[in-house]
Structures are given as C-alpha cells and as structure tokens.
Amino acid sequence: MRKTCITYLAIFFLLSFNSESYSQSTSYLLIQKIQKDSEWNLPNYFDRIDKAIASNTKKSDKVELLLFKSKYYGSVEQFDKALTSIKFAERLIDNSFNKDSLKALINLRKAGYYARMNNFSNAYQEWVKSNNYYTIQRNYDGMSYTQQVLGVFFTQLKQFQHAKKAFNRARRYAMVNKTQKVLHDLYNGFSGYWGNAGNLDSSLYYLQLSEQYESLKDLNFRKDYNKGVIYLNKGDLSNARLYFQECVNKAESVNCDGYMGVGVYGLAISYLDEDYNKSFKLMKKALDLIQNNNPDLSINICECILSSFSGEEYAAILPFFENRKKLLKLEREKIDEAQVGKLLLMTSSSNESLLSAQNELERRKEHEHKQKLFILISLILGLSLSLILGIIIYYYRKGIKSQRNLHQEYENQKQILTHSLLTITSHNA
C-alpha cells in the first residue's frame, strides 16, 4: 500500500542569469549583494527590489531584479507570481543590452512555469522560441537546457522514450563546453527521469553525480527530498526519513512551504505501514502546506488518505478529501487528455519548421556566396576587357601616328623631288 502512495517529483531547471557590468549605483550594489547570498534568502530583499523597480534605475537593472524574483517564485512553486514577474521583465527588454539572449532565457523559464501548471500548449510555444534561438546561435549550453526542459515535459507526461532521447541530446550538447551548472542540472534531470521510469539505482547514481557540480552556497533541499524518495522506494526507511527530515529542516529555515510540504508528505508515507495516526496527521499537514502549489501531489495525498484510512474515527473528514480529489482531478483531466498527441505533433512540426529555417539560411548563404563569386568573376572579366581594350586602343593610336609620319615623310620627299626636277629643268633650259 505504501508504494501506491509514493510520487516522485520531476525536477525542472531554472537558468541562472549572469549579470554584465553595470554602473556603480544602488541597484548595482543590490544585485551584487543578492548574487552573493543564497537564493532562498531573496524575500529579505523584496522591499528593496520593489523600490528599485519603481525608481528611475536602468531598465537592465530592473530586468535582472525581476528575474531574481521570478526564479525564487518558481523554486517555491508559486508559478503565477513567477510568470507575473518574468512577463514584466520581458516588457522591459525591448531596448536592453542583450535583447535576444535575454528573450531566449525568458522563453525557456516561461516554458518551465507553464509546464508545471500543466499548460503544455503555452509551454511548448515558449520552448520553441528559445530552442530556435539557441540552435541558430549554436549556443550549446542553451541547447542543452532546452533539451533538458523538453525531457521534463515528456517525463511529466510519462513518455519515457521521448524523454530519454531529449536528455541524451542534452548531454551531448552539455559536453561541448562542460559548464558546471549545466552538468549539475543535466544529471539532476537524468535522476528525475530514471526515478520516474522505475530504475532507482540509476536515479540515485545520477543524483550523486550531480553533487559533484553543485554550488556550495545554495541550499539544495530538492536533492534531499529526491534521495528520500529513492530510498523509500528501495525499502530503506531509515535513510528515507533522514533525508525527508533534512528537506523539511532546510525548507523551514528559509520559510519555503512548498518543500516543507513535500518533505512532510515523504515522512507521512514512510510511517504509513507502522503508525496510521501519525501518517494521517503528517499527510494532512503536508496538504495544508502545499495547498494549490502542486496539484499532482495534492491529488496523490488525497488518494493516499482515502485508500489508507477508514473506519468511524475518520468518517467525518474523509468526504472533504474525496471532494478535494474530484475537483483537482477534474481540472487536471481537462488539460491532460490531448497533451501527449498534441506535444508530439508540435514537436514534429517544430523540428520541420526549424529544419526548414536552417535550410533557408543555408540557401541564403549559398546564394550570397554565388552572388559574391559572380561579382568577383564579373570584376575580373571587366578588368581584363578594359586592359585588352586599352592595349588595342594604344596600338591603334600608335599605328595611326606611324601612318601619319610615313605620309608626312612621303610628302616631304615628294616636295624635294619636285624641287629637284624644277631645278634640273631650269638648269637645262
């Protein structure tokens, strides 16, 4: 019964935004301070961030501050707030310093947020924009991230073959530059994929592999939760509880209700076969913490409570969870029915569109090359013809001048001869 209640959360990847040089200003100092701190302490800066955004500071600074907020909201699974922040940032980058790359990053983040909200249609539209940019620019780190996100899409939809292909492409691109953060996120993604596919040893292996590329300054309670799930599935309850409790402790230290909820839920599952009452209390606490941030896990908790608890002592509260489950599933089913076929269709269409765009780009380059070659040949022929024409004109003029000299000499000789004849005639007379 315990295994039927276990859910493994897919891991989504939020790209870090690397700041460029800014002028020495209040917003610049704020950005530097935030970057040095843990991402989970960002709420401590919200008042200063909002004031900076409302002031006359540079648009590029406002964009970066909004991206910090969107990343935090995404990490705590408040995706509506994450989308609000990132859309505001998107409106500010029209004349920003690195417009195209920023838009590609924003498109990819929006794709992740929409996917977590089960809005795969919008998610895939944003994904295509980002993927096209990184592919055309041959940005291999960006290409790796887009394939990682695509792998998460398919993993979430239980299309494991397509997910594995996407993650393998992501690994191929990541190995070009071997950037630490890209590899960390990639191996996290592989861990999530193998966990969902049921290969727990591979899932744990890739999770441990990702730790080699982990930033030491950031709390990573996602890792603790995922390790707890793996050990729970392996039947190692001691280690499972250890990592679930670590997840709860870390999340509580930064007031992250979303991961406190999932950590508490993991603990509840670990006690399901040993202590029904304790498990039920923990599940109810987890549901209260998670609320609407994670509909999949909320449905799972409701189903687990309904299937695991019965009897008169629970009769008064079970209808609440039954109604809650129906509402959550109804909303989810409306979205999920056509998602798989639609996503595959859009994937095929996108690949054809991208291939067509690349072919068109190659044709244009070839056409430009031919034009340049034609111009060069035309120039060479023109110069050759000009040279030949010059030579002809030169010798033509030289011939005319020579004829004129001969004619003049002939006239002179004629005059001399005539004069001589007249002289002789006069002498004879």
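Heavy atoms only: backbone and side chains are in, while hydrogens, waters and symmetry mates are out. This is a predicted model, so every value here is computed, not measured.
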For this session: Give a yes or no on whether K284 atom NZ has more than 12 heavy-atom contacts from other residues, nucleotides or ligands under 6.0 Å away.
Result: no
Problem set entry | Q161 atom CD, over 12 foreign heavy atoms within 6.0 Å | no
Can you measure from [atom1] ([X]) to [atom2] ([Y]) and round to the nearest 0.5 angstrom?
X: Y225; Y: Y265; atom1: OH; atom2: OH; answer: 7.0 Å
X: L30; Y: D61; atom1: CG; atom2: CG; answer: 9.0 Å
X: L237; Y: Y271; atom1: CG; atom2: OH; answer: 9.5 Å
X: L105; Y: D100; atom1: CG; atom2: CG; answer: 12.5 Å
X: I106; Y: K129; atom1: CD1; atom2: NZ; answer: 11.0 Å
X: Y140; Y: T135; atom1: OH; atom2: OG1; answer: 10.0 Å

Whether the side chain of [X] engages the backbone of [Y] through a donor-acceptor N/O pair (distance < 3.5 Å, no angle test) should be reported.
X: Y113; Y: S70; answer: yes
X: K62; Y: S55; answer: yes
X: S210; Y: L207; answer: yes
X: S203; Y: L200; answer: no
X: R116; Y: F79; answer: no
X: W127; Y: T146; answer: yes
X: S253; Y: K250; answer: yes

Can you classify the ring geometry of [X] versus [Y] as parallel (below 30°), tilted (30 to 60°) or perpendicular (above 60°)?
X: F120; Y: F153; result: perpendicular
X: F46; Y: Y72; result: perpendicular
X: Y193; Y: F160; result: perpendicular

For this session: Kindly determine whether Q35 and I31 satisfy side chain to side chain contact (heavy atoms under 4.5 Å, CB included), including the steps that lead there.
Result: CA-CA 6 Å; Q35 287 179 327; I31 289 170; 4.0 Å; yes
Considering only heavy atoms from C-beta outward, does the side chain of [X] approach that of [Y] to under 4.5 Å?
X: V182; Y: Y173; value: no
X: M117; Y: L83; value: yes
X: Q212; Y: Y187; value: no
X: T57; Y: L65; value: no
X: K164; Y: F154; value: no
X: L157; Y: H162; value: no
X: Y114; Y: Q125; value: no

Exercise. Going through the distances and angles, do K223 and E214 end up as a salt bridge (charged side-chain N to carboxylate O under 4.0 Å, His left out)?
Worked result: CA-CA 10 Å; K223 172 192 68 179; E214 189 175 90; 3.6 Å; yes
Pair [X]-[Y], side-chain donor/acceptor within less than 3.5 Å:
X: E126; Y: N122; result: no
X: D141; Y: T179; result: yes
X: N107; Y: S130; result: no
X: N118; Y: Q156; result: yes
X: Q148; Y: S144; result: yes

Restricting to non-hydrogen atoms, name the atom on [X] and the atom on [Y] that form the minimum distance, rounded to 0.1 Å.
X: L92; Y: K59; value: O-CD, 3.6 Å
X: Y213; Y: H184; value: O-CB, 3.5 Å
X: G263; Y: V248; value: C-CG2, 3.5 Å
X: S279; Y: L272; value: OG-CD1, 3.4 Å
X: R109; Y: I86; value: CB-CD1, 3.4 Å
X: G228; Y: A240; value: O-CB, 3.5 Å

Problem set entry | Test log, rule side chain to side chain contact (heavy atoms under 4.5 Å, CB included), inputs Q147 and R172 | CA-CA 10 Å; Q147 292 303 315; R172 190 164 61 249; over 6 Å; no
For this session: Might you work through the side chain to side chain contact (heavy atoms under 4.5 Å, CB included) test for Y231 and L204, ending with a clear yes or no?
Result: CA-CA 9 Å; Y231 280 114; L204 185 60; 3.9 Å; yes
For this session: Could you check F244 against I269 for side chain to side chain contact (heavy atoms under 4.5 Å, CB included), going step by step and ending with a plain yes or no?
Result: CA-CA 10 Å; F244 286 139; I269 298 301; 6.0 Å; no
Return a table of donor-acceptor pairs under 3.5 angstrom between the side chains of residues 373-391 and protein atoms on other chains or two or more places apart.
unit_1, atom_1, unit_2, atom_2, d
S378, OG, F374, O, 2.7
S384, OG, I380, O, 2.8
S386, OG, G382, O, 2.8

Exercise. Residues two or more places apart in sequence or in another chain: which of them pass side-chain contact (heavy atoms from CB on, under 4.5 Å) with T84?
Worked result: none
For this session: Output yes when D185 and K181 qualify as a salt bridge under the 4.0 Å nitrogen-oxygen rule, no when they do not.
Result: yes
Exercise. Do NZ/NE/NH1/NH2 and the carboxylate oxygens of E90 and K110 come within less than 4.0 Å?
Worked result: yes
